[in-house]
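Pasting in a structure now, in structure tokens, and then I'll have a few things to ask.
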2 protein chains.
Amino acid sequence: MDPQPAIRALGALAQEHRLAAFRLLVQAGPDGLPAGTLAERIGVPPSSMSFHLAQLANAGLVSQRRQSRSIIYAADYAAMNGLMAYLTENCCAGVPCTTGAACNPALAPAKDVA
Amino acid sequence: MDPQPAIRALGALAQEHRLAAFRLLVQAGPDGLPAGTLAERIGVPPSSMSFHLAQLANAGLVSQRRQSRSIIYAADYAAMNGLMAYLTENCCAGVPCTTGAACNPALAPAKDVA
DNA sequence: TTGATATTTCTAGAATTATGGAATCGAAAG
DNA sequence: CTTTCGATTCCATAATTCTAGAAATATCAA
């Protein structure tokens, strides 16, 4: 991972509403949540939520897909894990750190995942 | 961890020079590096480096100690690990993710660590 | 005390980012 | 085809953050 994508990802997460949205999506799992639900739960106007979701998407931290009239956002676990790996890269001058931070939705309880 | 500290930490890392400095410190281990060395390696004037190091310190990501005329900065591994744990909290609605990202300098090869 | 070194604080201007209302777009339903 | 709903884009304003030179501070050596 290059520095630039990592900076974009970190910058995307370094904002109250975006961090809240991302965490809701991380907790929601691969099914994700529609933009409107996120705006309502976080308490920001739709235009602001859209602005922030665009930043997260641009940083590659979330994916988006249309489902009827809604646009569903979901956390990109690979991107998140990649970011954490980047931060701990070559940690402590080569100490065998448990640098394997990993959140793997594939381990989720059976529930026809997209 | 509350959202606010996490936002401060993420914001601190979301900047080219600060991310570079933090990664150098993560790789340097508990011994850390003096401000001047960081400024030189990264290629920014001392005043800018100082500004950025203050941000990292304020976010709790690095510690600082004076050693003669130099001020040595070192990564705070606990803070980093805490941040990563926060990001993956309740990942995937309770799936047993390997949320144990951990960089532990105590595992370092014998080398009288402070 | 004087001088050199390492770093920080102060400062203002430049650049970037956030906000939210209004207008617009796309999909579905009547 | 018109309406409604969910979401985005546009826009001007407000707020924050970055930059780097100059000045100040702290440490050590002579």
Side-chain angles (χ1 to χ4, degrees), chain A residues 3-25 28 31-75 114, chain B residues 3-25 28 31-76:
Chain A
Q4 270 345 105
I7 291 168
R8 282 226 313 283
L10 289 164
L13 293 173
Q15 206 278 342
E16 182 185 359
H17 302 320
R18 288 197 294 267
L19 181 58
F22 184 72
R23 274 170 44 92
L24 282 175
L25 292 177
D31 287 1
L33 294 169
T37 300
L38 288 168
E40 191 181 9
R41 286 212 205 159
I42 294 172
V44 296
S47 72
S48 290
M49 189 77 266
S50 191
F51 168 77
H52 290 306
L53 287 172
Q55 304 257 109
L56 287 170
N58 183 260
L61 289 167
V62 303
S63 61
Q64 53 195 139
R65 64 195 145 88
R66 179 178 282 276
Q67 186 178 89
S68 175
R69 270 178 285 200
S70 297
I71 292 187
I72 312 288
Y73 285 85
Chain B
Q4 268 350 102
I7 290 168
R8 283 225 313 282
L10 289 163
L13 293 173
Q15 205 280 340
E16 183 185 0
H17 303 320
R18 288 197 295 267
L19 181 58
F22 184 73
R23 274 168 46 89
L24 282 175
L25 292 177
D31 287 0
L33 294 169
T37 301
L38 288 169
E40 191 182 9
R41 286 212 205 157
I42 294 172
V44 296
S47 72
S48 291
M49 189 76 267
S50 189
F51 168 78
H52 290 305
L53 288 172
Q55 305 256 110
L56 287 171
N58 183 261
L61 287 167
V62 304
S63 62
Q64 53 195 139
R65 64 193 145 90
R66 180 178 282 276
Q67 186 177 91
S68 174
R69 271 178 283 200
S70 297
I71 292 187
I72 313 288
Y73 284 85
D76 184 322

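Proteins get letters first, then strands, A, B, ... in listed order; numbering begins at 1 in each.
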Whole angstrom value for the distance that separates C1' of C:dA18 from CG of A:Leu13: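 For the pair A:Leu13 CG and C:dA18 C1', the rounded distance is 16 Å.
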Sugar-phosphate only, base, or nothing, as touched by B:Ser50 at under 4.0 Å among non-hydrogen atoms: base
Nearest listed nucleotide, side chain of A:Ser48, among C:dA18, C:dT19, C:dA22: C:dT19
Touch class at under 4.0 angstrom, heavy-atom based, for A:Ser68 against every strand present: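 Since only primed, P, OP1 and OP2 atoms lie under 4.0 Å of A:Ser68, the category is sugar-phosphate.
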Touch class at under 4.0 angstrom, heavy-atom based, for B:Pro45 against every strand present: sugar-phosphate
Whole angstrom value for the distance that separates P of C:dT7 from CD1 of B:Ile72: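 B:Ile72 atom CD1 is separated from C:dT7 atom P by 7 Å.
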Proximity to the side chain of A:Gln64 - top-ranked nucleotide from C:dA4, D:dT8, C:dT8: D:dT8
Phosphate OP1/OP2 of C:dA6: any B:Tyr73 side-chain N/O under 4.0 Å: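 Answer is no, no contact under 4.0 Å.
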From B:His52 atom NE2 to B:Ile42 atom CD1, the distance as rounded to the nearest 0.5 Å: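 Answer for the NE2-CD1 pair, B:His52 versus B:Ile42, is 9.0 Å.
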C:dT17 OP1/OP2 closer than 4.0 Å to side-chain N/O of A:His52: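 No, because none of the side-chain N or O atoms of A:His52 sits under 4.0 Å from OP1 or OP2 of C:dT17.
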Whole-Å distance separating the CD1 atom of B:Ile42 from the P atom of D:dA20: 13 Å
Phosphate contact (C:dA18 OP1 or OP2) by A:Arg18 side-chain N/O below 4.0 Å: yes
Atom-to-atom span, CG of B:Asn58 to C1' of C:dT8 - whole angstrom: 15 Å
Expected output: side-chain B:Arg8 to main-chain B:Asn58 donor-acceptor under 3.5 Å: yes
Integer-rounded Å distance: D:dT17 P and B:Arg8 CZ: 11 Å
Presence of B:Gln15 side-chain N/O under 4.0 Å of D:dT16 phosphate oxygens OP1/OP2: no
Distance test, side-chain N/O of B:Ser70 to OP1/OP2 of C:dA6, below 4.0 Å: no
Heavy-atom closest contact (A:Arg18 atom, A:Gly11 atom, distance):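 What the structure gives for the nearest pair is NH2-O, 3.2 Å.
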Whole angstrom value for the distance that separates P of D:dC5 from CD of A:Gln67: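 Distance, rounded to whole Å: 19 Å.
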Nearest-Å distance for atom pair CG/P, residues A:Leu53 and D:dA7: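 Whole-Å distance recorded here is 10 Å.
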Short side-chain N/O contact from B:Gln55 to OP1 or OP2 of D:dC18, under 4.0 Å: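 Indeed, a polar side-chain atom of B:Gln55 lies that close.
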Partner of A:Tyr73 by side-chain contact (heavy atoms from CB on, under 4.5 Å), out of A:Leu53, A:Thr37, A:Leu56: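 For A:Tyr73, the side-chain contact (heavy atoms from CB on, under 4.5 Å) test succeeds with only one of A:Leu53, A:Thr37, A:Leu56, which is A:Leu53.
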Closest listed nucleotide, where the reference is the side chain of A:Arg69 and the choices are D:dT8, D:dT4, D:dA29: D:dT4
Taking every non-hydrogen atom, the tightest pair across A:Phe22 and A:Leu61: CE1-O, 3.5 Å
Along DNA chain D (nearest heavy atom to each residue), the more 5'-positioned of A:Phe51 and B:Val44: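 This one resolves to A:Phe51.
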Euclidean distance, B:Arg66 CZ relative to B:Ile72 CD1, rounded to 0.5 Å: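 So the CD1 of B:Ile72 and the CZ of B:Arg66 are separated by 10.0 Å.
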Atom-to-atom span, CD1 of A:Ile71 to C1' of D:dC5 - whole angstrom: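 From A:Ile71 CD1 to D:dC5 C1': 13 Å.
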B:His17 side chain near D:dT19 phosphate (N/O to OP1/OP2, under 4.0 Å): yes
Phosphate-side-chain proximity, B:Arg66 and C:dA6, N/O vs OP1/OP2 below 4.0 Å: no
